[in-house]
Structure formats: structure tokens, C-alpha cells
Amino acid sequence: MGCIQSFRQCCDRPKNTNVRISLPAVCFVWQIAMIILFGIFIRYNEESDAHWIEHKTSNNISSNIENDFYFRYPSFQDVHVMIFVGFGFLMTFLKRYSFGAVGFNFLIAGFGLQWALLMQGWFHSLDPMDGKIKIGVESMINADFCVASCLIAYGAVLGKVSPVQLMVMTLFGVTLYAVEEYIILSLIHARDAGGSMVIHTFGAYYGLSISWMLYRPNLDQSKHRIGSVYHSDVFAMIGTLFLWMFWPSFNSAISDHGDGQHRAAINTYLSLAATVLTSIAISSLSQKTGKLDMVHIQNATLAGGVAVGTAAEFMLMPYGSLIVGFCCGIISTLGYIYITPFMEKYLKIHDTCGIHNLHAMPGVIGGIVGAITAAAASKGVYGTEGLANTFDFMGKWKDMMPTQQGGHQAAGLCVALCFGIGGGIIVGCILRLPIWGDAPDNSCFDDDIYWELPEDEENNPPTVEYNNHMRNKF
Amino acid sequence: MGCIQSFRQCCDRPKNTNVRISLPAVCFVWQIAMIILFGIFIRYNEESDAHWIEHKTSNNISSNIENDFYFRYPSFQDVHVMIFVGFGFLMTFLKRYSFGAVGFNFLIAGFGLQWALLMQGWFHSLDPMDGKIKIGVESMINADFCVASCLIAYGAVLGKVSPVQLMVMTLFGVTLYAVEEYIILSLIHARDAGGSMVIHTFGAYYGLSISWMLYRPNLDQSKHRIGSVYHSDVFAMIGTLFLWMFWPSFNSAISDHGDGQHRAAINTYLSLAATVLTSIAISSLSQKTGKLDMVHIQNATLAGGVAVGTAAEFMLMPYGSLIVGFCCGIISTLGYIYITPFMEKYLKIHDTCGIHNLHAMPGVIGGIVGAITAAAASKGVYGTEGLANTFDFMGKWKDMMPTQQGGHQAAGLCVALCFGIGGGIIVGCILRLPIWGDAPDNSCFDDDIYWELPEDEENNPPTVEYNNHMRNKF
Amino acid sequence: MGCIQSFRQCCDRPKNTNVRISLPAVCFVWQIAMIILFGIFIRYNEESDAHWIEHKTSNNISSNIENDFYFRYPSFQDVHVMIFVGFGFLMTFLKRYSFGAVGFNFLIAGFGLQWALLMQGWFHSLDPMDGKIKIGVESMINADFCVASCLIAYGAVLGKVSPVQLMVMTLFGVTLYAVEEYIILSLIHARDAGGSMVIHTFGAYYGLSISWMLYRPNLDQSKHRIGSVYHSDVFAMIGTLFLWMFWPSFNSAISDHGDGQHRAAINTYLSLAATVLTSIAISSLSQKTGKLDMVHIQNATLAGGVAVGTAAEFMLMPYGSLIVGFCCGIISTLGYIYITPFMEKYLKIHDTCGIHNLHAMPGVIGGIVGAITAAAASKGVYGTEGLANTFDFMGKWKDMMPTQQGGHQAAGLCVALCFGIGGGIIVGCILRLPIWGDAPDNSCFDDDIYWELPEDEENNPPTVEYNNHMRNKF
């Protein structure tokens, strides 16, 4: 008890937001570590190595177009846009935290993807012949996916943490992700093409648990900055739309060549379309005069993409996708209206971007939909070969039944939840240490803490520390 | 006469902009209808169904890369960006209607694409074996195309209609589109890869006719809001550029595999490049001191893409594409300078985004260019097989001559015009009914009617109804 | 001496910024010239011509998917986005020059790509059978690449030149580019997939030399406009991110089918990730309190993509890419802090966007890295066939050794430097003539000179010349 007391006191010392030593130190040390580890472990796989031309001959591959690059690279680029522009701009809605939203998103994604290549490589792509990790286009997509879970978590703590905390959060987040992904996909043999469980459920609960651990009782000292201005809402719509448009690529990026990718794209496309209508309907219903709220349009419209993630490559049927989207639009919007304020008031979880509504609930729904769809699969609907192919009933899992697969899917969802909540609590404890340079309660959601701001007649009364922000001056 | 009089009186009752009942009702009813109809009618086609693996074997398809997904999905994603970011942001130029531009664009596109899948499916992809519509990536592209015509129509009435009116307009627009598309492409056997006639001519005249029916004589009460601010013009450039850049994908998305897609992309690329130069030239000429007008740069630079739509897959020749772009840049910019004000003053057609200049005139030009290019086609230029392939002179149309095809193209253009104008007048009448919640004349072009606006020190003097727009409050 | 004196006097006459005659004249004359030259010279290549179907049969090509379109079109679209949105928005950071940044970028790219198709065609794709240039998707990518070098040059003179000067600069820039590209790639047989030398080194020194020739001693009369506002920095991040995300497509767009494209994408992806971390580290270190500077985030984070350009398709190894990115992030950020102000003060080179740090230094580093990597290539690493394939040791170059290739790479770098500096000085002289309508020293970086600006309560006190900027008024 005394221990916790002194920990708490230690954590509540006055804040020092100067990150001039810690941020560069973390960046340099980690980047150098990456170079060393990449030097030891990471090599090109056979499709990106110069020996491909010989590999092609010896494996009787008729054409360069059979290189996995051509199956997945367009989807990879779409996913890449979602990670950097989608997540980055979605968080620019705050009136004075756009630099932090898009800039720190950039920083942690850039770091996270390198660490993800290593962590995921150790679990999935280690070549037993030479002990090296072999990477290709699918590795890059998976690294981006992994980073996505950390960016989701960032949404919960947006504006309340320092870049150093974000780096630490990402380091642990990627590590936890790789482990839970290995357990869910390889050990439990659950399928999760679009990552409803692996990415969204894990990432969201990881972020929410951290936010809970970092709860600031006096945050209303900064509440005048928790809001948007007209143009910051338009910027956020850039993020929303790029996420919305490219979600079919996200859910289909690593599913099976051929019908798997094709079907995943269609299901996601339909689910998202339905979500738009129900989000807007509930948003309008929730206001006295039927006005729409930009927060709902920016976020809840995406819930259908999250929820259809696991089942996207299954024979969910077009109407099934619409139903999933229909429900999630309603649930997510209601979440923004009722659950987010409830969580803040009673559970002491402050969720800046409302990731509980956009990722946590739809992610769990997605896991459940996936389990049901898998359990209901039949040879009649999939065909004998199609069933084995879609659920990867091969090798060791040759004799698995769809109903069993449903159970495994549900088990996967539990693992994602446990890792998210458990990991988040532990990492949250670490991040409470008073050494990370986070902002005091009255300076949250303010770019001025970590960014040189332009002198800005309109928004920003000239601050004491005058920034002329010229490109060409000493 | 008395009937018209009383209709008019009925329509001119005071406006009530509360859409709290009507908007959610329309969204829910239509979305539920979609789910039911999708359940009855829509299934995956053989390339997106899990039976693909068996289909591949039985049809002797050597590789998954032969799945249509890999031919068309990258183009689909580009088209998708044009629909949601392109059209959405192009309309954000108004100083206080950016939410409505990008948000309602999102709403009607999300609804429209579902209805389009059904309508187009009934006409084009109904499987006679089981009475189901089979969808794949090409259906998604076609649904996006169909929605594009309704978004074009939205441009004419931007800021003057309610979201409920937009939903009704889209319902009828998609229906009319599917019928005219069936007549033009299947019955008349006209070719229209990029939709100059089917999408742009139809959509633009549909929107203009509706705008004519909804003419507001007292609109100058809102004229201080018909203008841009500096940053809203920059936002609009995002829309312009994504439309401009991805137009080659738009025009090539559903053309023939191989040389058809390749040629359509090249022709569009060149035509658009030429349009930029002539738009800028005319814009500069039109001002006393040679200054450029952002309206022209945002819109007229795109006219070349519209006008090359029909002929993009033909052997238009690179210089032919440049000539088309050259002329359209001039005509479209002159349209903004002379025709739009003329139409407003004398024809009582108020065209907020100037779609007459960007879509209607270039669309008609595109139809004519297509007819001429088709009529001039020869075996020398196309090769015997190439000619049959490009113009689909197969089956029932085996003995068709290029000159005949030219006539059919011209007939297609007339059908598009008739459907656009006729349909627009009828739908416009329906939309005049005083039940749709549109804004009074002095509140047009104002997001405040349908959106919760952030308190915004800079642009927006705090309104009586104070919106604190916090994400986390009840 | 007297001659130089009178030239200088002639150049220093009072400025007239009216471009109402010159700009339209240049646009029309050049566009008409393009149409004529395209009519004489440019035709579709065999993959985009309607004879493809016959070509396929006679060349025993099994499927339409073997058309180069499907190998390169997705990358082309990404490159296209980089040219128009990437470069365009990257330059919108100035508080009152966003229209000029994105608008003139649009103009010169639209013109430049046409001229590039011709110039590059004469050197590379002239069909000896009929004397025609045959174009396809690779030609479009190359034209976009060529234009990129001119847009880089624009970065140095942003805000200080007229659109007419930019057109002249582009005309000469494209011409010089095509010649140096021919010398470097064809005569010297250097490899340069991502254009570190051909595009970035050439373009940057071309722009810097022009900026040197156009040096304005009294530019501090405009220095209050050399800075950003909050939202203009967010707009610039759109440019940054689209450049950053799509750079893997840029570097892989024209490399070899199969492993070449695959490897180039991986190397670029990794290099860029490392750059983000070191740029941010140095940026934070450079400020007293560890705050980050948006200028560095917007620009220096991209340096890794430039520097890995030449070696992207080589077996640089994943850790090699990280090292390149690591170093360039540091060097580029230090450049912004120390070298740009030094160059302005002592070398009389004013570099608005800091292209010396983003393109010139990383480009030279890229050339050197390419030379070293090529010289160190071995059959062990590449495989016998892979080595010949990667370095194109075929035909006339069959017996070339990797060490020799290293020398050729270095020679290529020198050629790029010479063409950039030499060409820039000559073109700069031409642009000093007082006939081009450039702005006086006290009106630089101001859109008001060349654009009709919206009346803008917030940023822009109503000017004498009142612009109501309505779309619908005479």
C-alpha cells in the first residue's frame, strides 16, 4: 500500500515537457538497434531477391506476373495510405492539435513498422535453413497492419501524452501484437483477414487501458481545446474518407489470391455503404432539430469496415455484409452519444477519439460475426475445395470442422481482449512514470508544447515565445 | 391552371428545415429495403465465389491472376477515390458549406451505390439460371459510375436542397441511369467506356433540370455565402486534383482487358494535360490584369476527361486526345465566364458548381467525338480483329459497319439528353413539394441548417444556438 | 563589361506583373505546337494499339495480363499523385501562396509531361521502321518523372517567379532532362531506377542555379510572407505524406518486372521509415526546448526516398536501406538548420522550399550509394542470371564487370550535376530578362499578384481591388 502510495506521489510530480534529450535519444537508440537487428536477421524473400529469375525457372513459374508483388502491391499502397493519411488526418479534428495528430502518427508508424517486421518475422517468416527472416510485399502489409493497432491506441490518448510515451507505447504494442497474432492465427488457427480481433479489438482495448491508467482528474483545465474548428473538421474528413474508401483493400490485402481477395473487397464495400446511412440516421435522431454531428460522420461511418474484417473473406453473402454494416452504424453512433461520456464519468476512461465506438465494439462484433459465419460454413455454400481453401483446412488442420473453427474464432477473440486489456494496464503503469515529458493537465491538446508554431494572426494570439518560423533564418 | 396555381402555393409555404424525422426515416427504410432486396437477389459471381477454385479447374484457367479482380481492382480504387474525395472535396469551395458538400456527397454515394448494384444488376447481370444478380469487381465500378451521375447532379443544386431531397434525387437518378444505360449500351449498342453520354450528359442535364424546377427567385438573400475563402479554395483543389489524376482510371476501368484499358488511360492522360493549358490561358485572358480565377482552375481543367470519355478506348490517336482537351478547356472556361451567368439570368437555372460547363457541354462534345471516331474507324487502323474487339462487333452485331456504329453513338447521346432533361423535370416537380425540409432562401449555402457547427472564433460569430461540439459530453 | 552592365540595367527595370498577354500566348502557342508534333510523331505502342490482339497471337502471349499495363499502371497512378498532389501540396506551406503552389505546379506539370513525351520519345522510343514515337504506360511514367525534376526546381524559386517564367523554365528543363537522361542511361549505361541522379540531382541543381541567377537582394521586403500559418502547414503535410507513402511506387515504377519492382519497393519503404526517426530526432535536438519544427517534418522525412533511388533495385539489403535513410534524415535536417541560411547569406542563393536539403544532397548521396552498391555487386549475391538482369549486362554491355559499372554510375552523377548547374545558369540568365512579368521584391510570395483572391475576412484585409469571387456573376 505504501508502495503504491509512493509510486503515485512519484508520478504526480510537476511535469517537465522538455523532450530535447529523451526524444532524440529514443529515436537514435532504437533506430540504431533496428539497423543492427535488420543486419543480423532480415533478408529479401525469394520473390524480391535477385535469384527470382532462377527460382522462376526451377519452380516452373511461367511469368513475372505470378510474383506476389502483382497480387498485393496495389492493396499495400492503399493500406499504406490508410495508416499515414487515414489515421493521421482522422485525428486532426482538434482545433490546436493537428500537428501532433499527423506528426506523431507519422513518427510512431515509421518506427513501428520496422519493429513489426522483426517481431512478426520471428514468429512467422523465419527461414529454418539460415535463421533469417525473409520479407516481401506481404510482410510490409502485415507490418502496416501491426502499426495500425498502435495508431488505434493512440486515438484514445491523443493530446494527453508525449512523443516519448508514444514511442514506448508503440514498442510494447507491436511486441504484444506479434505475440497475440501468433497465438490467434497460428496456434489457435483462427482466421482474421481484416483483423477485427487481431488489430482492432486488441488495439482499442490496449489504448483504452492505457488511457485508464493515465487518467487525469483535472483534465477539464484543457477542455476548451477539446473541440474542433470548421476547417479542422474538414481536414478530419480527409482521414475519414481515405480510411473508408481503402478499407476494402485493407480487408482483402492478405486474404487468398483469387476469390478470397475479390470477396473480401466486395463484402467490405457493402458493409461500409450500409454504415454510412445508419450512422447519419442516428446522428440526426440524436439532436433536437435533426442536425448532424461531424464526430459521428467522421468516425461511426467506418465501423462497418472494422466489423466485417474477420468475416470479409468468408461467404458472408452481400446481404450479410449489409446487415453487419447496418448494425454497426447504429451501435457506433450510439456509443459516441452515450457510452463515451459514461466511460469518462464513471469508469475514468477518457477516450479522445472515441476508439471504443469505432474500433473496440465493432471489433468485438466482427469477431463474433466471424465465429458465427465460420461455424455456419458448409460444403454446399463453399464447395469442398473452396471450404478447405477459405478456412485453410490443410496439413495439421485437415480434419477440422466448420463448427470447431467457430469455436477457435471465439477463442481468438478472447485472446485479443486479454492481450489488449492486460498489456494496456502494464504499459499504462510504465507510462505513468514521471520521466516521459507529458504535458500538465492544463496544456493538453495543445501543439504549442511539442511544436514550433507559426505566428498565426487568426487562431493563435502571439505567444510569449515568438516563433517566426522562417525557413531561411538561423 | 388553377391546379398549377394551387400546387405552386402549396410549394411556397414557409420552410421547415427540421429533418429529424424525415432523414432518419428515409435512411432506415431504404437501408432495410436494400438488405431485403440484396437477400433476395444478390450473390457473388463466379470470380468472387468460393467455388472459383473449381471454376478455375473446369475452365482451364491457369492462374489466380486471371481473376478479373487483378485486371480492375486498382482502377476501381481510383474511381472510388474520385467519387468520395474527388466529387466531395471539389464542392467544398463554398465558405460555409464544406460539411454539406463532403458529408451529403458521402451520404448519397453510400446509398446510391447499393441501389445501383440492384438496378444495374437487374438489367445487366441477372443470371437466367437462378434469377440472381451476380456481382464482382466490375459491378462495383459500375455502381460507382452510376453514383457519379447523381453527384454531378448534386453540383447544380449544392447548398439549396435538404439531405432528404438529395436522397430522393438519388433514388430516381440511379433508377433513370440504369434504364438509360441499358438502352444506350445494350439496346442501341453504343460504346461509352468513360461515360461521356451515360454518366456526364445524363447526370448534368438531370441536375440542371432539377435546379430549374427548384428555381429560387430570391436567392440573392444568400448571395453573400456564394463564394469561397482562401482555405476552402485549397480544399477544393484536393477534389480537383484527385479527379484529374485518376480520370485515366475512370475512363479505362471497364474497357477491354489489354489494349483497351491501356489506350483509354493514355488518351485521357493526354486530353487532360491539354485542358490545363487552355483553361489557364482563357482564365487569364478573361481578367483585366491577367489574373487567374480559382473557379476555372478547379473545374474547367477537368473538362478534357469528360469529353474524351466515350472515345477513350477508340483509336483516337494521341494528337486527337490533345485536340479534344484543347477545345474543351476553352469551351468550359468560357462557359464559366459567359454561360453560367446567362443561364441564371435568362433561363432561371442556378448552377452552383457550374456543372453545365464541366459535365454537360463536355459530355455532349464527348458523345459527338465518340460518334465521329467510331464512324471513321477502319480495319487499316484497328486491324480486323481489333475492330471487332474494340466495338464489340460480335454475336448479333457481327455485321455492323463503323459508319453505322457512328449513328448508334449519336442515338445514344440523344437518349442520354432526353432521360436527363425529362427525368430532371419530373423529379424536380416532386422535389418542389414542401415536405422535404429544404432551407429558406436566406439560409442557403449555410451548414448551420443541417450541421452542428463548432464554435469557431475566426469564421463564425458565435450563433445564438451555442454548440460546444465536444466529443465527450452528454 | 559594358555589355553586362547594360544587361543588368535592362533587367532591373520596374516590374510589370500583368501576364494577360504573355501567359495565354505561351499556353496557346505551346499547346498548338504540341498538337502538331504529336500528330507528326506520336502513336500508340504495340501494347496500347488495337493490333495488340494480333500481336498477342503472333508473339505467343498467353494472356492479356501480360500487357505491361498491368505491371506498371498501379505504380503510374501513385507517381501521378506524387507529381500533382505531392509536389503541389508540399509547397502550400506559405501563408499566402497556396494557390500559386498548387496551381502553377498543375500548369507546369500539365505542359511538361507533353513535352517530355516528345523529348524522351525522340531519344528512347523512336521506331526506326516508321520514324514514330510509340508510347505506352512506361512512357507516361517517364514523362511524369521528367516533370518531377522541373517541379523540384520550382521549389527553389517558389513565390519569386511568374507563371510565364515557370513555363520557360519547364520547357528548357524538360529538354535538358531528356538529353542528360539519354547520356546517363543509354550512353554511359548507368542504372537509375528511382532517379536519384537523373531526376533529383539534376532538378535540384537546375533550380538552385536559376535561383542564384535570379537573386533578389531586397527580398526581405517580402519576408513577412515567408512563413506558414497553422492550416497551411497541415495542407503541406498532405503533400508530404502522399510523397512519402507513394515513394516506393516511384522508385519501383520502371524497374524490372518481378523481383526488380518488388525489391525497389521494399528498399524504399525501409529507407523512408528510418528517415522519419532521424529527422525528428535532429529537429528536436536543434531547438532549445526540444520542440519539433514542421519544416523538417514536411521535408527532411522524404530524403531517404531520394537517396535510395538509384540503388533501390540493387541488392542493397534491408539494413543497407535503413542506413541510407538514417544518414539522410540527419543530413537533410541539418541542412535546413545550417546550410539553407548559409547559402542565402553567403552564396546569394535563396531556396524557398529548401530543395538543396531534400533533393540535391540526398540525390548526390543516392548517386554515390548507387555507385558503391553496383561496384560491390557479385554473382554470389545476385546469382549469375540475376546480376546480368539487374544491371542489364546484355548486348553491347555483356562483358561489363560490376566494378566498371560502379565507375559508370559515378560518371552518370557528374553528368547530372553538370547539366543541372550549367543548364540552370543559362536558363537563369534568360529568365532575368525583364519581359516575363515577375513580381517586384515587395510582392513576392503573394497570391494576390497572379490570382483573383476571395474576400477573406480572416486572413486578408479587403484589398483595394475588391474581389467578390462569385461563380455566377458577370
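Quick note on labels: first sequence line is chain A, next is B, and so on, each numbered from 1. Basis for what follows: all heavy atoms, side chains included, without hydrogens, waters or symmetry-related copies.
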Measure Phe326(A) against the heavy atoms of chain B and call it side chain, backbone, both or neither at under 4.5 Å. side chain
Checking heavy atoms, do the side chain of Asn105(B), its backbone, both or neither come under 4.5 Å from chain A? neither
Checking Leu270(A) against chain B: side chain, backbone, both or neither under 4.5 Å from a heavy atom? side chain
Pick from His296(A), Gln77(A), Glu385(A): which one has the most heavy-atom pairs with chain B under 4.5 Å? Glu385(A)
I'd like to know if Glu46(B) and Lys134(B) make a salt bridge, using a cut-off of under 4.0 Å between side-chain N and carboxylate O. no
Please verify the inter-ring angle class for Trp451(B) with Phe99(B); under 30° counts as parallel, over 60° as perpendicular, anything in between as tilted. perpendicular
Do Leu322(A) and Gln31(B) come within less than 4.5 Å of each other through their side chains, counting heavy atoms only? yes
Mark yes or no: Arg225(A) above the aromatic ring of Tyr97(A), with NZ or CZ under 6.0 Å from the six-membered ring centre and no more than 45 degrees from the axis. no
Please name the pair of heavy atoms, one in Asn299(A) and one in Leu358(A), separated by the smallest distance, quoted to 0.1 Å. O-CD1, 3.3 Å
Leading residue by heavy atom contact count with chain B [cutoff under 4.5 Å; candidates Pro318(A), Gly325(A), Gly290(A)]: Pro318(A)
Heavy-atom distances under 4.5 Å only: say whether Glu47(B) touches chain A with side chain, backbone, both or neither. both
Contact origin within Phe246(A) toward chain B - heavy atom pairs under 4.5 Å: both
Thr390(A) versus chain B, the contacting section by heavy-atom distance below 4.5 Å: side chain
So which of Gly383(A), Ala264(A), Ala273(A) has the largest heavy-atom pair count under 4.5 angstrom toward chain B? Ala273(A)
Can you tell which part of Ile449(B) gets under 4.5 Å to a heavy atom of chain A, answering side chain, backbone, both or neither? backbone
Heavy-atom distances under 4.5 Å only: say whether Phe41(B) touches chain A with side chain, backbone, both or neither. neither
Quick check on Thr301(A) against chain B: is it the side chain, the backbone, both or neither that has a heavy atom closer than 4.5 Å? side chain
Engaged part of Leu117(B) at the chain A interface, taking heavy atoms whose separation is under 4.5 Å: side chain
Note: vs chain B, highest number of non-hydrogen pairs under 4.5 angstrom among Gly260(A), Ser321(A), Ala265(A) is Ala265(A)
Who passes side chain to side chain contact (heavy atoms under 4.5 Å, CB included) against Ala281(A), sequence neighbours left out? Pro24(B), Cys27(B), Phe28(B)
Are Gln120(B) and Cys146(B) side-chain neighbours, meaning at least one heavy-atom pair lies under 4.5 Å? yes
Less than 6.0 angstrom separating the ring centers of Tyr382(A) and Phe393(A), yes or no? no
Is it the side chain or the backbone of Tyr450(B) that comes within 4.5 Å of chain A heavy atoms, both, or neither? backbone
Below 4.5 Å, heavy atoms only, C-beta onward: do Val234(A) and Ser232(B) meet side chain to side chain? no
Would you mind reporting whether Asp78(B) and Met245(B) have side-chain heavy atoms less than 4.5 Å apart? no
So do the side chains of Tyr230(A) and Ser98(B) get within less than 4.5 Å of each other, counting heavy atoms only? yes
Show every salt bridge (Lys or Arg N to Asp or Glu O under 4.0 Å) that has at least one partner inside residues 313-328 of chain A, sequence neighbours left out. Arg191(A)-Glu313(A)
For Tyr44(B) and Asn267(A), which I'm curious about, is there any donor-acceptor pair between the side chains at under 3.5 Å? yes
I'd like to know which of Trp52(B), Phe111(B), Phe38(B), Phe69(B) tops the heavy-atom pair count under 4.5 Å against chain A. Phe69(B)
Side chain / backbone / both / neither for Asn67(B) at chain A, heavy atoms under 4.5 Å: side chain
Contact origin within Tyr70(B) toward chain A - heavy atom pairs under 4.5 Å: side chain
Region of Thr240(A) that comes under 4.5 Å of a non-hydrogen atom in chain B: side chain
Using a 4.5 angstrom heavy-atom cutoff, name the option from Asp49(B), Leu107(B), Val137(B), Val102(B) with the most pairs to chain A. Asp49(B)
Of the listed residues (Arg263(A), Glu66(A), His262(A)), which shares the most heavy-atom pairs with chain B below a 4.5 Å separation? His262(A)
Ring centroid separation for Phe76(B) and His80(B), is it under 6.0 angstrom? yes
Heavy-atom proximity to chain B below 4.5 Å, by part of Ile238(A): both
Between Ile297(A), Leu285(A), Ile330(A), the one whose heavy-atom pairs under 4.5 Å with chain B are most numerous: Leu285(A)
Heavy-atom pairs under 4.5 Å with chain A are the metric here; pick the option from Arg43(B), Arg20(B), Met34(B), Met140(B) that has the most. Arg20(B)
Best-contacting candidate, Ile135(B), Thr92(B), Asn45(B), Thr57(B), against chain A by heavy atom pairs under 4.5 angstrom: Ile135(B)
For Leu316(A), is it the side chain, the backbone, both, or neither that has a heavy atom closer than 4.5 Å to a heavy atom of chain B? both
Between Phe235(A) and Phe235(B), is the ring centre distance below 6.0 Å? yes
